[in-house]
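Bear in mind the structure is a predicted one, so any value in this text is a computation, not a measurement. So that the names make sense, note that chain A is the first sequence line, chain B the second, and so on, each numbered from 1. Both backbone and side-chain heavy atoms feed into the values below; hydrogens, waters and symmetry mates do not.
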Amino acid sequence: MSSSSGQPQFRYTQTPSKVLHLRNLPWECTEEELVELGKPFGKIVNTKRDVGANRNQAFVEFSDLNQAISMVSYYASSSEPAQVRGKTVYIQYSNRQEIVNNKSTGDIAGNVLLVTIEGVEAGDVSIDVIHLVFSAFGFVHKIATFEKAAGFQALIQFTDSETASAARNALDGRSIPRYLLPEHVNSCHLRISYSAHTDLNIKFQSHRSRDYTNPYLPVNPSAIEGTLQPAVGPDGKRKEPESNVLLASIENMQYAVTIDTIHTVFSAFGTVQKIAIFEKNVGMQALVQYPDVTTAAVAKEALEGHCIYDGGYCKLHLSYSRHTDLNVKAHSDKSRDYTIPDNSLPGLLTSPQVPGAPPAAPAWQSNPQAVSMFPGNVGPQTRPDGQMAAWDPNMRGGRSSFPPAPGAYPSQPYGPSSSMPMYPTSGAPPPPSYGGMQSNARPAGSPSVVGQPPMYY
DNA sequence: AGCACA
């Protein structure tokens, strides 16, 4: 099994922030010590201590970004590390832009309620039911739901604390009416306190979050948030830390591009773990997860600006996603998780999973899904019956093309000689190793047609 | 030695 192999990945290239993340702090490091540490570089206006499982991390926020930059820069080049009580302290930019002190005990009335729904699974209570229940007390602006150790929780934003208080007083300790819940739910007590939030930051309408004040907010197709637009830093430059997950935008989509197409294309560079596709305006986007950043970087470099099909069709644009591990259904029309065996497709050539066996071989050695989903030589014009050829394990290296969805081709814009898609070599194994930094060299057997002129543009 | 509340 190759479930997201490796350790959690940390980003070493970080966007500057006036908030710094400090770790390896001594036990019970005081706020004064933190302020003292930052004093040579600027004014620390906020801190948050006792962060992390060991409570030995902290955040400090400078009044100005440049002060934070100077501190990070100083210790990056200093021979003496930052220290507190003689203990080396490791300093990085935080991945947030400000410290939010959440020392609310839940008793200070605010316009946002924190609702814990006891005794239910997250899937039992829909966001629409929550909305219905709490709308009885006033306009619900936003809802965000999440699962924590405490259980299924929701943040519910009202206009003001008076409305929130009314809802809290009426509903705390009560239950959601049974008729609004699945039959198997027996008890459903609400425990309500106040959140320290005043305005929730909802990025997408999804099954877990809603913004009722903004009907134009994009709908998130599969709860994959925050990856659709590359983030833009304060200076307007794209900040795009490397990631093992690529975001592929497909432009000029004259032909149908399926998950299988994506899988075949990207498998040329390594094991594809997961894929999610979704529509974006008129085009299409895909998130493609590799086991590691290096593989993703190679694929990104090799594929950027190239076309899946000859003739400038289905041009790929790659960027790094902020995701590192996609949360997708194993086998739906919009997603695949190749890291878990798919038993729903009998006849699919899946290598037997022996307990304790070494992880699956790299994609170029054995990629059953990719190969099996691409029976060879099934081209748009090559099968008059329009049927997919049966999978033939011996059919390796043959040219194949992607059978388009019926009606996907409004016309045949070019002749047979040029109609060969670019990535049909499902059976032609790429070289055993792509480890060498061949930079611009396209790996043999990677998306290109054997015996055809190169079709990269 | 690795990020706070989704």
Ionic contact status for A/Glu98 with A/Lys18, cut-off 4.0 Å: no
Carboxylate-amine/guanidinium contact A/Glu33 A/Arg85, below 4.0 Å: yes
Tell me: [atom1] of [X] to [atom2] of [N], nearest whole Å?
{"X": "A/Leu22", "N": "B/dA4", "atom1": "CG", "atom2": "C1'", "result": "13 Å"}
{"X": "A/Arg55", "N": "B/dC3", "atom1": "CZ", "atom2": "P", "result": "15 Å"}
{"X": "A/Ile91", "N": "B/dC3", "atom1": "CD1", "atom2": "P", "result": "16 Å"}
{"X": "A/Leu114", "N": "B/dA6", "atom1": "CG", "atom2": "C1'", "result": "10 Å"}
{"X": "A/Phe152", "N": "B/dA6", "atom1": "CZ", "atom2": "P", "result": "14 Å"}
{"X": "A/Ile99", "N": "B/dC5", "atom1": "CD1", "atom2": "C1'", "result": "15 Å"}
{"X": "A/Lys203", "N": "B/dC5", "atom1": "NZ", "atom2": "P", "result": "16 Å"}
{"X": "A/Asp50", "N": "B/dC5", "atom1": "CG", "atom2": "P", "result": "12 Å"}

Closest to the [X] side chain: [options]?
{"X": "A/Leu155", "options": "B/dC3, B/dA4, B/dC5", "value": "B/dC5"}
{"X": "A/Ala144", "options": "B/dA4, B/dC5, B/dA6", "value": "B/dA6"}
{"X": "A/Asn201", "options": "B/dA6, B/dA1, B/dA4", "value": "B/dA6"}

Tell me if the side-chain of [X] makes a donor-acceptor pair with the base of [N], cut-off 3.5 Å, by modelled atom types.
{"X": "A/Arg96", "N": "B/dA4", "answer": "yes"}
{"X": "A/Gln57", "N": "B/dG2", "answer": "no"}
{"X": "A/Ser94", "N": "B/dA4", "answer": "yes"}

Under 4.0 Å between any heavy atoms, over every strand shown, what does [X] touch: base, sugar-phosphate, or nothing? Just pick one.
{"X": "A/Asn95", "value": "base"}
{"X": "A/Ile202", "value": "nothing"}
{"X": "A/Glu98", "value": "base"}
{"X": "A/Thr88", "value": "nothing"}

ring centroid sep under 5.5 Å plus plane angle under 30, A/Phe59 with B/dA4: yes
Near-parallel close stack of A/Phe146 and B/dA6 base (under 5.5 Å, under 30°):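 No, the aromatic ring of A/Phe146 does not stack with the base.
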Matching residue for A/Gln289 among A/Asp325, A/Thr271, A/Thr324, A/Thr295 - test: side chain to side chain donor-acceptor pair (under 3.5 Å):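 When A/Asp325, A/Thr271, A/Thr324, A/Thr295 are each tested with A/Gln289, the side chain to side chain donor-acceptor pair (under 3.5 Å) holds only for A/Asp325.
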For this output row, return yes or no: ring centroids of [X] and [Y] closer than 6.0 angstrom.
{"X": "A/His21", "Y": "A/Tyr90", "value": "no"}
{"X": "A/His141", "Y": "A/Phe158", "value": "no"}
{"X": "A/Phe41", "Y": "A/Tyr74", "value": "yes"}

5' priority, DNA chain B, between A/Leu200 and A/Gly52 [closest heavy atom]: A/Gly52
